Amino acid sequence: MSAKSIMIVGVGGQGTLLASRILGQALLNQGFDIKVSEVHGMSQRGGSVVTYVKYGEKVYSPVVRDCEADLIIAFEQLESVRWINHLKKDGKVIINTQEIDPMPVVIGAAEYPKDLINSIKQKNISTTALDALSLAIEAGSPKAVNVVLIGVLANIMDFDKSVWIDAVKETVPQKFLDMNLKAFDLGYDYKTI
Amino acid sequence: MKKLLLGNEAVARGIYEAGCTVVSSYPGTPSTEITEYAAKYDEIYAEWAPNEKVSMEVAIGASIAGARSFCAMKHVGLNVAADPLYTASYMGVNAGLVIAVADDPGMHSSQNEQDSRHHARASKTMMLEPADSKECLEYTKLAYELSEQFDTPVLLRLTTRVAHSRSLAQVSDRTDFSLKPYEKNIAKNVMMPAMAKVRHEIVEQRIQNQVKWAESTSINTVEINDSKIGIITAGICYEYAKEALGENASYLKLGCVYPLPVDLILDFASKCETVYVIEELDDFIETHCKKIGVNVIGKELFTFLGEYSQTLVREKILGEKVESIKIEKEIPNRPPVLCAGCPHRGVFYALKTLGVAVSGDIGCYTLGALAPLGAMDTCICMGASISALHGRNKANKDFEKNSVAVIGDSTFLHSGVTGLMDIAYNKSNSTVMILDNSITGMTGHQQNPSTGYTIKGDPTSAVNLEQLVKAVGINRVRVIDPYNIEETKQAIKEELAVDEPSVIIARRPCALLKYVKHNPPLTVNNDKCIGCEMCMKIGCPAISMKDKKAVIDYTQCVGCDVCTQMCKFSAIESKEA
């Protein structure tokens, strides 16, 4: 198989790095060659952040560019549209409907665009949009948005559920494991649109 | 066993497996995690040094003493450490000395886009460049062998995409490396003109020997496929080229980027119809190829700017362009911001409202330059805030009354304190603010000499900033709480007014530190909020306007009360109230 590409996009501080680590661990346990490209440093401070995860028989470049992503997981609405040009024509998106105002919107220099999710659906892109924040809070912490979204991803991808559960167990701290497993299940059981 | 390792983690593993015992570094994105991972090994003594120059000197001293040693820094850090590097190159090593330098093409987290390969050539130091985590680990180990074989420090060049990508690497056991015997050797280790003249001759011969090695080493690899397109490349650019062109091109991948081979390149080029050099940043390999008479295509096709990608290679060499999905919406930028509860926020708001010019520095607080605070006039390099303020005030005495320097605790100890000595010694009436958040923040919470803890978390002595400032000759020193805007403003006004140099220490630990207890999140009383947007002026990411009322995001708010002080209508309340 040729390498597959997944992008995890969001706002610095939302926990996208942990999501990429769980995904990376799941793919590793499946025996794939894998590359995960992360962003550290300045953009982690509330900026737009992106992580690339690529897997297959052999992966060369760790980055994903225009029209290359098979799947985009967006932790925030605006970020889904910002990175949509990276999606393949037949790619899929998972979107957390949470809105986080970027500083230009906060200070009134720009407006938060409306109707973003519909504008993606209008392009005939297979879209799953959900309020992952509410599910995370239901699981026990707003910080568990990342694991909820991994749950949604797990349902879309073709691996056995146990692969994902193992990856969550291997990646999250022991004391938050139960909460994260609940968050995973809430995401996994979410009915895709 | 194969493991999924971050590039930086793989370098640390390589250090460990090579039997290295001394590591000294100063944090800098994208190099920081190498030293953090190295510190997890009990067999390795690891430390954060006050700056890169110190760290490299520590590593050089340890190498002379007989231990395999290491230091890591970002590209601009190598400028700080260039002084010891250039002379250590003449001296060579006792036990192996490896220096990792991480360049940041695309400037994800840097103030310039310099290409560290120039330092390798200028200092006549061998440089290896891995392309993924597997090579990070292997090249680090090889670097120790080469260091001892050629009697030279060896540079390991990383770029952001290698340092911060995870890929599979084979890990093995640590090799026991016992200390090499130390022998006093004035001719080799005391660099005065008479000795250095002899050493320089040895260095030139060493490069010739290394070129011979580079002609046949297994890390300079030739892969002959289709002969129409030949690619000469190194590091991450090999991955981009290989993904873009696959077996439709032949490759010469250079694992050693300094010194470069001659015959190997001539031979490869003779087998290909058109030869391209693909390298991010400067035309380092290209210039060498042209010098030895190989007609290559490089920067006339590829850019000097930013990061490359497989897409760029396809576009430039194959003329392929992609048409991506477009959504016709104005998408606002999302620049990084000072975190909710950041203790720097109050300082920048105070400086902005007082109309004070700010000589800024490197760190989280550089974000004070962005809207809506916009409270920074200059930011040059580590430590420059203080010395540049001194220069500004010497150029025009009027500036003394309305300009301050702003610098963090770690940056101050890195290279700000020398500028402060200049202010005291050469008598400028300058006002310096040390924003002491008790940690090295932007790089992700590293300890420094003022925090009282080592890299391994052990308690240690802490620099007393007040006493240090006084000791260099500044008599006026005061400590304020930057969460108190009025106190902050008052202190700035008073210190600018006096006719002597002064230092204001704005002290509050970073709100992201685990030991910092947060107050309950604040809420907006909608009956009291009139939508005046005063609270928006501090640029807190937890505050936004919805339906002409302020809203506080309870997931971000840490209850710092800075916004409460902004509100003239007492509309911002604590949940407990």
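Naming convention: chains lettered A, B, ... in sequence-line order (proteins, then strands); numbering from 1 in each chain. Worth saying up front: this structure is predicted, and the values here are computed from it rather than measured.
When each of B:Thr555, B:Thr311, B:Ile543 is checked for heavy-atom pairs under 4.5 Å with chain A, B:Thr311 comes out on top. Among the candidates B:Lys2, B:Gln556, B:Glu323, B:Arg161, the residue making the largest number of heavy-atom pairs closer than 4.5 Å to chain A is B:Arg161. If you tally non-hydrogen atom pairs under 4.5 Å between each of A:Ser119, A:Ala110, A:Ala109, A:Gly108 and chain B, the highest count goes to A:Ser119.
At a 4.5 Å heavy-atom cutoff, the contact between A:Ile120 and chain B is made by backbone and side-chain atoms alike. No part of A:Lys143 comes within reach of chain B, as not one of its non-hydrogen atoms sits under 4.5 angstrom from that chain. Neither the backbone nor the side chain of B:Glu533 comes within contact range of chain A; no heavy atom of the residue lies under 4.5 Å from a heavy atom of that chain. When heavy atoms are compared at a cutoff of 4.5 Å, B:Pro332 approaches chain A by way of both its backbone and its side chain. With a 4.5 angstrom heavy-atom cutoff, B:Glu328 does not touch chain A via any of its atoms. Heavy atoms of A:Gln14 lying under 4.5 Å from chain B are absent altogether. Heavy atoms closer than 4.5 Å to chain A are found nowhere in B:Cys342, neither backbone nor side chain.
Not counting sequence neighbours, the partners of B:Tyr308 by the ring pair (Phe, Tyr, Trp, His ring centres under 6.0 Å) test are B:Phe302.
The line from OG of A:Ser48 to CD1 of B:Ile331 is 10.5 Å long, rounded to the nearest 0.5 Å. Atom CD1 of B:Ile325 and atom CD1 of A:Ile125 lie 4.0 Å apart (nearest 0.5 Å). Residue B:Lys546 holds its NZ atom at 8.5 Å from OH of A:Tyr112, rounded to the nearest 0.5 Å. Atoms CG and CG, from B:Leu4 and A:Asp33 in turn, are 9.5 Å apart once rounded to the nearest 0.5 Å. Interatomic distance, CG of B:Leu370 versus CD1 of A:Ile107, reported as 9.5 Å (0.5 Å rounding).
The number of heavy-atom neighbours closer than 6.0 Å to NZ of B:Lys549, taken from other residues, nucleotides and ligands shown, is above 12. A 6.0 Å sphere centred on CD of A:Glu111 holds no more than 12 heavy atoms belonging to other residues, nucleotides or ligands. Heavy-atom neighbours of B:Lys537 NZ from other residues, nucleotides or ligands within 6.0 Å: at or below the threshold of 12. With a 6.0 Å radius and a threshold of 12 heavy atoms from other residues, nucleotides or ligands, A:Asn118 has its CG atom above the threshold. Environment of NZ in A:Lys161: crowded, with over 12 heavy atoms of neighbouring residues, nucleotides or ligands closer than 6.0 Å.
Residues A:Leu78 and B:Arg334 have side chains in contact (heavy-atom distance under 4.5 Å, counting atoms from C-beta outward). Proximity of A:Pro113 to B:Glu330: side-chain heavy atoms (C-beta onward) are nowhere separated by under 4.5 Å. Annotation: side chain of B:Asp132 is not in contact with side chain of A:Pro62 (no heavy-atom distance under 4.5 Å).
Considering every non-hydrogen atom in both A:Lys35 and B:Ser167, the closest pair reads CG-CB, 3.7 Å. Of all the heavy atoms in A:Val106 and B:Met536, the pair that sits closest is O-CE, 2.6 Å. The shortest heavy-atom contact between B:Gln310 and A:Val64 is NE2-CA, 4.2 Å. Between B:Leu168 and A:Phe32, the closest heavy-atom pair is CD1-O, 3.8 Å. Heavy-atom minimum distance, A:Met103 versus B:Pro372: SD-CD, 3.9 Å.
Proximity of a side-chain donor or acceptor of A:Lys123 to a complementary backbone N or O of B:Lys326 within less than 3.5 Å is detected. In this structure a side-chain-to-backbone donor-acceptor pair under 3.5 Å is missing from B:Lys242 to A:Ser61.
Heavy-atom proximity under 4.5 angstrom to chain B picks out A:Asn85, A:Leu87, A:Lys88, A:Lys89, A:Ile100, A:Asp101, A:Pro102 from residues 85-102 of chain A. Within residues 65-73 of chain A, the residues having any heavy atom under 4.5 Å from a heavy atom of chain B are, by residue number, A:Arg65, A:Asp66, A:Cys67, A:Glu68. Residues of residues 19-31 of chain A that come within less than 4.5 angstrom of chain B, heavy atom to heavy atom, are A:Arg21, A:Gly24, A:Leu28 in numerical order.
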Original post:
Are B:Leu6 and A:Glu38 close enough, and set up right, to give a side-chain contact (heavy atoms from CB on, under 4.5 Å), and what steps lead you there?
Top reply: CA-CA 9 Å; B:Leu6 196 66; A:Glu38 305 173 348; 3.7 Å; yes
